[in-house]
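This report refers to the structure that appears directly beneath it.
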Amino acid sequence: MELSKRQETILEIVKKEGPITGEQIAERLGLTRATLRPDMAILTMSGLLEARPRVGYFYSGKKPGREMAEKLHQTLISDIKSVPVVVPEQCTVYDAVVTMFIEDVGTMFVVREGGLLEGVISRKDLLKTTLGGQDIHNLPVGVIMTRMPNVVYVESDASVWEAARRLIAHEVDALPVVRQVKGNDGRIDLEVVGRFSKTNVTRLFVELGEGGY
Ligand code: ADP
């Protein structure tokens, strides 16, 4: 939001002297209260200033960027995750390519019985194998996937910010959203319950830009 020069000055006065009444601000500027009314309305509506009856105006401490940051930390993966596309480890590279086209995703998760996470397969994994001239009708994806424990994942109660940070830090396009489950042998397994990709981030970004989230 662009502030006018006068609004910037008001903000500075309130930051330094708040709480301060409208009368006093007007006095500092050598203007009438009526002249300042539209500026005060803009500054309070935008959340930069808060007004308390009989106390006056004070600076809310919220920079406009802070609100966006709060939204990104408050929005949880469970609010915006997508449905995962999964294949079994025995699925051939050929069938995985077909599934990728049909489901229109860039990353698929490889699971065993119960939807338990085994690995991740991306566009480039499939492309590389195909270019390598291997027999893609007989080669199972289990051979070429990125396997646990090297898979970067996220849980539903993580924030969108944390998940997006992992996408960037690990240079991947998508993360499986998982739930921890205890196996028969007491081992902790990860059940795939969703997909979080750069598309989810972009969609949220567009919604935030529209002010609609
Ligand atoms: P693309 O192949 O379209 O460039 P990525 O950049 O996501 O997609 O994948 C690059 C490599 O990282 C691939 O080898 C893939 O198996 C691996 N990969 C993809 N997602 C993950 C993830 N969540 N955790 C670990 N490795 C991943």
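Both counts, for ligands and for their atoms, begin at 1 and track the order of listing. The figures that follow rest on heavy atoms only: side chains count, while hydrogens, waters and symmetry mates do not. The first residue in the sequence is number 1, and the count goes up from there.
- Distance from atom 25 (C) of ligand 1 to its nearest protein heavy atom, with residue and atom name: Asn150 O, 3.3 Å.
- The shortest contact between atom 24 (N) of ligand 1 and any protein heavy atom is with Val152 N, 2.8 Å.
- A salt bridge links Glu89 to Arg147: at least one charged side-chain nitrogen sits closer than 4.0 Å to a carboxylate oxygen.
- When non-hydrogen atoms are compared, ligand 1 lies under 4.0 Å from the backbone of Glu171 (N, CA, C, O) but not from its side chain.
- Close N/O approach between Ala174 and ligand 1 is found [any backbone or side-chain N/O within under 3.5 Å].
- The distance from ligand 1 to the heavy atoms of Val151 drops below 4.0 Å at these ligand atoms: 24 (N), 25 (C).
- Between Ile121 and ligand 1, no N or O atom pair is found at a separation short of 3.5 Å.
- Val86 and Val83 fall into different hydrophobic clusters, where Ile, Leu, Val, Met, Phe, Trp and Tyr residues are linked whenever their side-chain heavy atoms come under 4.5 Å apart, directly or through other members.
- Any N or O atom pair closer than 3.5 Å counts here, and Asp125 shares at least one such pair with ligand 1.
- Distances from atom 27 (C) of ligand 1 to the heavy atoms of Val172, Leu117, Leu175 show the closest one on Val172.
- The number of heavy-atom neighbours closer than 6.0 Å to CG of Asp104, taken from other residues, nucleotides and ligands shown, is 12 or below.
- With respect to atom 10 (C) of ligand 1, the closest heavy atom belonging to the protein is Ser122 OG, 4.1 Å.
- The shell of residues lying under 4.0 angstrom from ligand 1, judged by heavy atoms, excludes Met145.
- With respect to atom 26 (N) of ligand 1, the closest heavy atom belonging to the protein is Thr146 CG2, 3.6 Å.
- Heavy-atom neighbours of Tyr153 OH from other residues, nucleotides or ligands within 6.0 Å: at or below the threshold of 12.
- The shortest contact between atom 8 (O) of ligand 1 and any protein heavy atom is with Asp173 OD2, 3.3 Å.
- If you number the atoms of ligand 1 from 1 as listed, the ones under 4.0 Å from a heavy atom of Arg123 come out as 2 (O), 3 (O).
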Asp189 vs Lys182, salt bridge (charged side-chain N to carboxylate O under 4.0 Å, His left out): CA-CA, chis, key distance, verdict
CA-CA 6 Å; Asp189 281 315; Lys182 223 181 195 160; over 6 Å; no

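- Ion pair Arg166/Glu162 flagged as a salt bridge, since at least one NZ, NE, NH1 or NH2 atom sits closer than 4.0 Å to an Asp/Glu carboxylate oxygen.
- For ligand 1 and Val120, the ligand atoms under 4.0 Å from any heavy atom of the residue are 16 (O), 19 (C), 20 (N), 21 (C).
- In the model, Thr21 has a side-chain atom that pairs as donor or acceptor with a side-chain atom of Gln24 under 3.5 Å.
- Ionic pairing of Asp173 and Arg123 is present here: one or more N-O contacts between side-chain nitrogen and carboxylate oxygen are shorter than 4.0 angstrom.
- Connection of Val87 to Val172 is not established within any shared hydrophobic cluster, with ILVMFWY side chains joined at heavy-atom distances below 4.5 Å, either directly or through further cluster members.
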